[in-house]
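Any value given below was found using the heavy atoms of this structure, including those in side chains, with hydrogens, waters and symmetry copies removed. Remember, it's a predicted structure, so these values are computed and weren't measured experimentally. Convention: sequence-line order gives letters A, B, ...; per-chain numbering from 1.
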Amino acid sequence: MRSREIVLKLVGVCTTAKLLTQLHSLIIRTGLNHDIQIAAKLTELYIELLPVQTARKVFDEIPQPSGYTCNRILQRFCGIKRYGEVLSLFSSMFSFEKPDHFTLLFVLKACSALNALNFGRLIHGFGIKHGNIHSNMFLGSALIEFYSKCGDMDDALRVFEEYTKPDLVLWTTLVTGYEQSFKPDEALAVFTGMMMTHGVSPDPVTLVTVVSACTQLLNLKAGKSVHGLVIRMNNESPLPVSNALLNLYAKTGSIEYAGNLFRMMEEKDVISWSCIISCCAHNGATDRAISLFDEMIHKGVEPNSVSVISALQASEACCNLEKGRQIHELAFQKGLELDILVSTALIDMYMSCCSPKEAIMVFDRMLNKDDVSWFSLLCGCVQNGMFYKSMQIFCDMMASDIQPDATVMVKTLVACSELGIIQLTSCLHGYVIRGGFTSNSFVGASLIECYAKCGSLEEADKVFEGLTDKDVVIWSSMFASYGIHGQARESVNLFHRMVTDSTVRPNKVTFLSILAACSHAGLVEEGIEFFNMMLYKYQLMPESKHYAIIVDLLGRTGELDKAMCFINQMQSQVGAHVWGALFGACRIHQNAEIGEAAARNLLQFDPDHAGYYILLSNMYAVDGKWDDAAELRSAIKEKQLKKITGHSVVRL
DNA sequence: CTAGGGTTAG
C-alpha cells in the first residue's frame with residue numbers, strides 16, 4: 001500500500017522521457033502496472049513525453065482509457081499535425097468512450113486540415129444530438145472554421161447564426177472564413193455589421209484579417225479607414241497589424257504611405273522589411289529597394305527567401321548585375337539558394353542582366369526544378385537571343401517529363417521562328433495539336449507567325465484557315481505574316497474581310513501589324529489611312545511604336561519634313577524607335593540636319609551606343625562637314641566605345 | 001486538455 005503511494009508521487013514529478021522509462025520498469029517489477037490509477041497516470045506521461053508512436057502503442061494497450069486520456073492523445077497528434085491519425089484514433093475510441101466537446105474540437109480541427117467534409121458533418125450532427133453545442137463558443141468557432149476551410153461558407157454562416165450572442169472570436173472566425181475563401185467583400189460586410197450593428201470592437205486578430213480583405217480587393221480607401229481605426233484604438237499597433245497594413249500599401253503601390261508607416265514603426269521584423277523592399281522594387285524605386293535591403297542586413301536582421309527575392313527583383317529591374325551577384329553570394333551563404341523561388345529569381349535576374357551563363361549555372365545547380373524554373377530559363381534564353389539553346393531546353397523539359405503549358409509553347413515557337421527552320425516548326429505544330437493547344441489563340445498566332453517567318457506563307461494560311469474560332473490575336477498574326485512577306489495588299493484585303501465577315505474588333509496590336517505591312521511594302525497612303533482609322537474610327541490611342549512605323553513610312557519616300565512634323569505633334573511620349581526610324585531615313589536620304597536632331601535624341605536613350613556616333617559622323621563626312629565628323633570620332637575614342645559588329649544568319 | 005491570426009514569392 002505504501003509503495004503504491006510512493007509510485008504515484010514519483011509519477012507526479014516525472015518530467016523527462018528518460019526518468020519515465022526507468023520509473024516504468026520499476027513499476028512493472030513491483031506489479032503495480034495493473035493498478036488502474038497508476039496505469040492512467042503513466043499513459044498521460046507517455047503521451048506527453050515520448051515520441052508519438054510509442055505513446056500511441058502505450059495508449060493502444062490500455063484496456064479502458066478514460067475520456068480524458070483519449071482527449072490527451074488526440075491533442076498530442078493534433079499538435080504535430082498528424083491529422084489522419086487523429087481521425088483513425090477517434091474512430092477506434094468511439095466504441096468505448098463517449099466523445100465530449102473537447103474530443104469534438106480536436107476531431108474538427110483534423111477535419112478542417114484534411115478537408116474531410118463528410119466526416120466533419122458527421123461530427124457536427126453528433127454534437128447536435130448528444131449535447132448542447134450551441135452553448136459552447138469553442139465548438140462554434142471550430143465548426144465555422146471547419147466549414148470555411150472546406151469551402152462551405154453557407155454552412156459556416158448557418159452555424160454562426162445559431163449563436164444569439166456571438167463573442168469576438170466567433171465573429172473573427174467568420175470574417176476570416178470569408179477572407180480565406182476569397183470573398184473579401186463579404187468579410188468586410190460581416191466586419192462592419194459586427195462593429196456597427198452589434199457594437200463589438202475588433203482586436204488585433206480581427207484587424208489583420210480585415211486588412212487582408214482590403215488588400216485582396218486592392219481597396220486602398222477601405223484599408224486606410226481601417227488604419228485610421230487602428231490609430232484611434234491604440235497608439236502603438238501590434239506588429240502583425242502594422243505588417244498587414246504595410247502589405248496593403250505595398251500591394252496597392254502606395255509607396256508613400258508604405259514609407260511613412262514603415263518609418264513610424266518602432267518594431268520591425270523581416271516581414272516588415274520584405275514588404276517595404278518588395279513595394280519599392282515593384283514600383284520603380286529600385287535603388288531604394290536595394291539600399292533598404294542593405295540597411296536591413298546592416299541592422300542584423302536575418303534575411304529570408306522572400307526578402308532576398310524582392311532584392312533580386314530590384315537588381316533585375318535596374319539591371320544591376322553587380323548587386324545581383326552580391327545578393328546571390330549572400331543567399332548562398334545563408335543556404336537560401338536551395339529554395340526554388342530564390343533560384344528562379346536568380347535565373348530571372350541573371351537573364352535580364354544579360355548574363356545567361358550565370359543563369360544556366362544556377363539552374364544546373366538546382367536540386368529540384370519546377371515548371372516555373374524551366375520556364376524562366378527558356379524565356380531568358382529567348383530574351384538573350386539564344387534560340388538553339390531555347391530549343392534544347394524545350395527538349396530537355398520534355399525529357400524531364402515536364403508538361404509544357406501554353407506560355408512555354410509560345411516561347412518555343414518564338415525561338416523556332418528566329419531559327420527559321422521549317423521542319424522544326426512542323427514538329428512543334430504536331431506537338432501543338434497533340435498537346436491540345438489549338439484552342440489557345442496565343443499559341444495559334446505564334447504558330448502562324450512562326451510558319452511565316454520560316455518562309456511558308458501557305459502553311460501559315462493553312463493554320464489560319466483551319467482555326468474555326470478566330471479572335472483578334474489570330475487575325476492580327478495573319479496580317480503580320482503577310483506583312484513579313486511584303487504582301488501588304490493581301491494583308492489589307494484580309495483586314496477588310498475581318499471587318500465585314502466577323503464581329504472581331506481590331507486593337508492596337510492589329511494596327512501595328514497592318515501598319516508594319518504597309519511600311520514594308522511602301523504603301524504610304526494606305527498606312528496613313530490606317531493610322532487615321534485607328535485614331536478616329538476605333539478611338540485607339542496610337543503608341544510610340546505606331547508613330548515609329550509612320551515615321552519609317554514617310555522616311556522611306558523621303559518626306560523627312562513631314563515625318564518631323566508628325567513627331568512634333570505626337571501626344572504620347574516619343575520612344576527611341578521613333579527617332580531610330582527618322583535617323584535611318586535621314587541616312588538613306590542624306591539629310592544631316594534632321595539626322596543630327598534624330599541622333600541627338602537617340603543618344604539620350606542610349607548614350608553609349610557607338611553605332612549612332614559612327615553613323616552620324618559618316619553623315620557629316622558625306623556632307624563635307626569634316627570638323628563635325630572629327631569631333632564626333634574623338635568623342636567616341638574618349639568614351640572608349642566600340643561598335644558592336646553586326647551579323648546575320650541565313651539557314652536553308 | 002478548449003477557439004480566431006501576421007507577411008513576403010516565380
Side-chain angles (χ1 to χ4, degrees), chain A residues 44 47-48 66-79 100-109 112 136-146 148-149 156 160 166-180 194 202-213 215 237-251 268-279 281-282 293 296 303-313 316 336 339-349 351 369-377 379-380 407:
Chain A
E44 274 165 42
I47 291 169
E48 241 174 83
S66 69
Y68 176 77
T69 312
C70 288
N71 288 343
R72 287 310 290 259
I73 190 122
L74 288 177
Q75 187 188 23
R76 179 81 203 270
F77 276 96
C78 258
D100 59 10
H101 64 270
F102 290 107
T103 324
L104 300 186
L105 211 61
F106 297 131
V107 176
L108 276 173
K109 199 167 199 142
S112 310
N136 187 321
M137 300 275 192
F138 291 94
L139 264 180
S141 63
L143 280 167
I144 293 170
E145 194 188 352
F146 159 70
S148 310
K149 291 235 167 97
F160 179 82
D167 68 356
L168 178 58
V169 177
L170 223 51
W171 277 106
T172 307
T173 314
L174 189 64
V175 176
T176 309
Y178 279 120
E179 190 260 329
Q180 305 274 53
M194 171 190 108
D203 72 352
V205 181
T206 326
L207 290 168
V208 164
T209 304
V210 171
V211 174
S212 299
T215 309
S237 48
L239 189 58
V241 178
S242 298
N243 281 347
L245 284 165
L246 210 50
N247 180 43
L248 164 85
Y249 293 137
K251 283 279 164 65
K268 292 164 190 159
D269 62 1
V270 218
I271 296 173
S272 333
W273 284 96
S274 302
C275 282
I276 192 78
I277 292 169
S278 136
C279 178
H282 293 132
F293 181 75
M296 178 185 107
N304 62 8
S305 55
V306 181
S307 45
V308 164
I309 288 166
S310 297
L312 284 172
Q313 287 171 341
E316 183 188 341
L336 294 170
D339 186 315
I340 298 190
L341 297 170
V342 173
S343 312
T344 309
L346 279 166
I347 293 172
D348 288 336
M349 183 277 292
M351 285 297 191
K369 313 158 202 277
D370 63 1
D371 42 351
V372 183
S373 34
W374 279 98
F375 181 66
S376 284
L377 186 73
C379 234
T407 51

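Rounded to whole angstrom, the span from the CZ atom of A/F138 across to the C1' atom of B/dC1 amounts to 11 Å. With rounding to whole Å, A/K109 atom NZ is found 12 Å from B/dG5 atom C1'. Note: OH (A/Y249) to P (B/dT8) measures 15 Å, nearest angstrom. The CZ atom of A/R76 sits 18 Å away from the C1' atom of B/dT2 (whole-angstrom rounding). The nearest whole Å value for the distance from the CZ atom in A/F160 to the P atom in B/dG4 is 16 Å. For the pair A/K268 NZ and B/dT7 P, the computed distance is 19 Å after rounding to whole Å.
Qualifying salt bridge (Lys or Arg N to Asp or Glu O under 4.0 Å) partners for A/E179, counting only residues two or more places apart in sequence or in other chains: none. For A/F138, the side chain to side chain contact (heavy atoms under 4.5 Å, CB included) partners at least two apart in sequence or on another chain are A/L105, A/N136.
Nearest nucleotide to the A/N247 side chain, out of B/dG4, B/dA3, B/dT8: B/dT8. When distances are taken from the side chain of A/D100 to each of B/dA3, B/dC1, B/dT8, the shortest belongs to B/dC1. Nearest to the side-chain atoms of A/F102 among the listed nucleotides B/dA3, B/dT8, B/dC1 stands B/dC1. The nucleotide whose nearest atom lies closest to any side-chain atom of A/V306 is, among B/dT8, B/dG5, B/dT2, B/dT8. For A/S274, the listed nucleotide lying nearest its side chain is B/dT8; candidates were B/dG5, B/dT7, B/dT8. Among B/dT7, B/dA3, B/dG5, the nucleotide with an atom closest to any side-chain atom of A/P240 is B/dG5.
The main-chain N or O of A/K369 is never found under 3.5 Å from a side-chain atom of A/S373 such that the two would form a donor-acceptor pair. Distance alone, capped at 3.5 Å, places no donor-acceptor pair between the A/S307 side chain and the A/P303 backbone. Under the 3.5 Å distance criterion, the side-chain polar atoms of A/D348 are left unmatched by any main-chain donor or acceptor of A/M351.
As judged by a 4.0 angstrom heavy-atom cut-off over every strand, A/S212 is placed among residues touching the sugar-phosphate backbone only. Among the heavy atoms of the strands, none lies under 4.0 Å from A/I144. Within the nucleic acid shown, A/Y68 comes within 4.0 Å of at least one base atom, counting heavy atoms only. Among the heavy atoms of the strands lying under 4.0 Å from A/V169 is at least one base atom, whether or not backbone atoms are also near. Residue contacts shown for A/L168 include a base, since a base heavy atom lies under 4.0 Å away.
In this model, a side-chain donor or acceptor of A/D203 finds a partner on the base of B/dG4 within 3.5 Å. Between the side chain of A/T173 and the base of B/dG4, no donor-acceptor pair under 3.5 Å is found.
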